[in-house]
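Data block below; observations after.
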Amino acid sequence: MVDPKPSHQPPPLVGTTLEEHILTGMRGSPGASGDFTSLLNAISLAVRIINARVRSAGLAGVFGYTGETNVHGEQVQKLDEYANDVLCTVIERCGRCALIASEELTDVRICNPDASYMVTFDPLDGSSNIDVNVSIGTIFSIFRAPDGGVSASSLLRPGRELVAAGYAVYGSSTTIVLSTGQGVHEFTLDPSAGEFFLSRPNLRCPTRGKTYSINEGNFASWSKGIQRWSLFMKSEDKARGLPMGHRYVGSLVADAHRTLLKGGIFAYPADRKNADGKLRLLYEAQPMAFLIEQAGGLATDGERSILDIVPTETHAKVPLILGSHDDVKLFQEFAAGTRT
Ligand code: AHG
Ligand code: MN
Ligand code: MN
């Protein structure tokens, strides 16, 4: 009597590591010099080091503030600074990066001017959630460096030119979600092996979802169109799947990760307090937009695709609306006033 086939495939003896996945994807591609793989390995190492500190934050004395404020006038948390220092050190040391832009660096940092790539990152996203043990993350993106040397303006380019983008979520497990332009793939850290293994390949964002994610506390300062959209999300219309469920973590990586996996919409629109929105184009909106579009979703500022917008300066802000195709399109109709 043959045992019935297990309902699910048993995991492989040894999973596919992040490095193997990248090397497989790069095999035979032009310019697969190994620099790209080394750079992604450096980012993976930095994420593992940050993860170790996040997991013991309360004991490692990294709760709370450094006492400094960053270029955005925000209080810098100790973990923001730690994560930034680790990423800068590991990426500079790998020698494959020409230029770094970081939320926690006022100016861009030139590393190896002859290197082929430039890296942007939000070293610790969701800082307000550090002390309350809610999911936080790290967001990063990689551009090719221009020939003839780099400067601050080298990074003022549309997200369509990205060669890779990804984020880490320090949540109930630690994952890296990555795209090098060939789909979106999730890797989960095996803490006992200290390695990221492929856990969910080819993630796709459903064309519509059941949840909307926005800070409803800003309702009074939204435009009339966005207020009408929010009321529509909460209205009763079973045929249209309304009301939508509401989820809002307050960490972009967590809200975007749920939206990518389950569908629906995340929005941080402009409001009376933040005329250009709150999120930063270079190291929050562009990487998230690259990933969500690679997964079949949309990411706009309410009108234009985020990937077509060219930053005017390193820390430029932008309204960010991302998620399922149908849900983002509906938001845009309300925001434009063509739907009431
Ligand atoms: P960061 O911690 O890197 O400054 O990012 C915080 C961002 C983002 O993670 C999140 O979506 C948003 O701030 C939440 O803002 P509100 O608390 O204003 O809703
Ligand atoms: Mn952030
Ligand atoms: Mn941050």
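Every number for a ligand or one of its atoms is a count from 1 in the order of the listing. Side chains are part of it too, since the values below use all heavy atoms of this structure and drop only hydrogens, waters and symmetry mates.
Residue contact check for ligand 1: D255 places no non-hydrogen atom closer than 4.0 Å to it. Ligand 1 lies less than 4.0 angstrom from a heavy atom belonging to E284. Heavy-atom separations between G126 and ligand 1 include at least one value shorter than 4.0 Å. Between E104 and ligand 1 there is no heavy-atom distance shorter than 4.0 Å. Contact annotation: N129 has no heavy atom less than 4.0 Å from any atom of ligand 1. Heavy-atom separations between L124 and ligand 1 include at least one value shorter than 4.0 Å.
Taking every heavy atom of D122 and a limit of under 4.0 angstrom, the matching atoms of ligand 1 come to 3 (O). Interface atoms of ligand 1 facing S127, defined by a heavy-atom separation under 4.0 Å, are 2 (O).
Counting all heavy atoms, side chain and backbone alike, P287 lies closest to I139 at CG-CG2, 3.5 Å. The two residues F290 and A165 come nearest to each other via the heavy atoms CD2-CB, 3.6 Å. Minimum heavy-atom separation, I306 to P319: CD1-O, 3.6 Å. The shortest heavy-atom contact between L99 and S154 is CD2-CB, 4.2 Å.
Looking at D122 and the Mn ion (ligand 3) together, the shortest N, O or S contact belongs to OD1. Between the Mn ion (ligand 2) and the N, O or S atoms of E284, the shortest distance is to OE2. Closest N/O/S atom of D125 to the Mn ion (ligand 2): OD1. Atom OE1 is the N/O/S atom of E103 found closest to the Mn ion (ligand 3).
Considering only non-hydrogen protein atoms, atom 14 (C) of ligand 1 sits nearest to Y248 OH, 3.4 Å. Atom 18 (O) of ligand 1 has Y268 OH, 2.7 Å as its closest protein atom, hydrogens excluded (heavy atom only). Atom 7 (C) of ligand 1 has its closest protein heavy atom at L279 CD2, 3.7 Å. Here the heavy atom of the protein found nearest to atom 5 (O) of ligand 1 is D125 OD1, 3.1 Å. The nearest heavy-atom contact from the protein to atom 10 (C) of ligand 1 is G250 O, 3.4 Å. From the protein, the heavy atom lying nearest to atom 11 (O) of ligand 1 is L252 N, 3.3 Å. Among protein heavy atoms, atom 17 (O) of ligand 1 sits closest to K278 NZ, 3.7 Å.
Of the polar atoms of E103, at least one N or O is found under 3.5 Å from an N or O of ligand 1, judged by distance alone.
No side-chain donor from either of T314 and Y283 sits under 3.5 Å from a side-chain acceptor of the other. Residues T174 and R55 bring a donor and an acceptor atom of their side chains to less than 3.5 Å of each other.
Hydrophobic clustering, with ILVMFWY side chains joined whenever heavy atoms are under 4.5 angstrom apart, keeps F140 apart from L281. There is a path of hydrophobic side-chain contacts, each under 4.5 Å, that joins L203 to V253.
Within the cation-pi definition used here (under 6.0 Å to the ring centroid, within 45° of the axis), R240 does not qualify as a partner of F232.
Within the model, atoms CD of Q182 and CG of N202 stand 10.5 Å from one another, a figure rounded to the nearest 0.5 Å. Taken from CG in L155 to CG in L282, the straight-line distance is 5.5 Å, to the nearest 0.5 Å. Atom CG of L39 is separated from atom CD1 of I43 by 4.5 Å, given to the nearest 0.5 angstrom.
Among the atoms of I139, no N, O or S atom is found under 2.8 Å from the Mn ion (ligand 3).
If you look at K273 next to ligand 1, there are no close heavy atoms at all, none under 4.0 Å. Only the backbone of S251 comes within contact range of ligand 1, with a heavy atom under 4.0 Å; no side-chain atom does.
Of the possible donor and acceptor atoms, none in the side chain of E293 sits under 3.5 Å from a partner among the backbone N and O of L298.
One finds no salt bridge joining E284 and K278 here, because no Lys/Arg side-chain nitrogen approaches an Asp/Glu carboxylate oxygen to under 4.0 Å.
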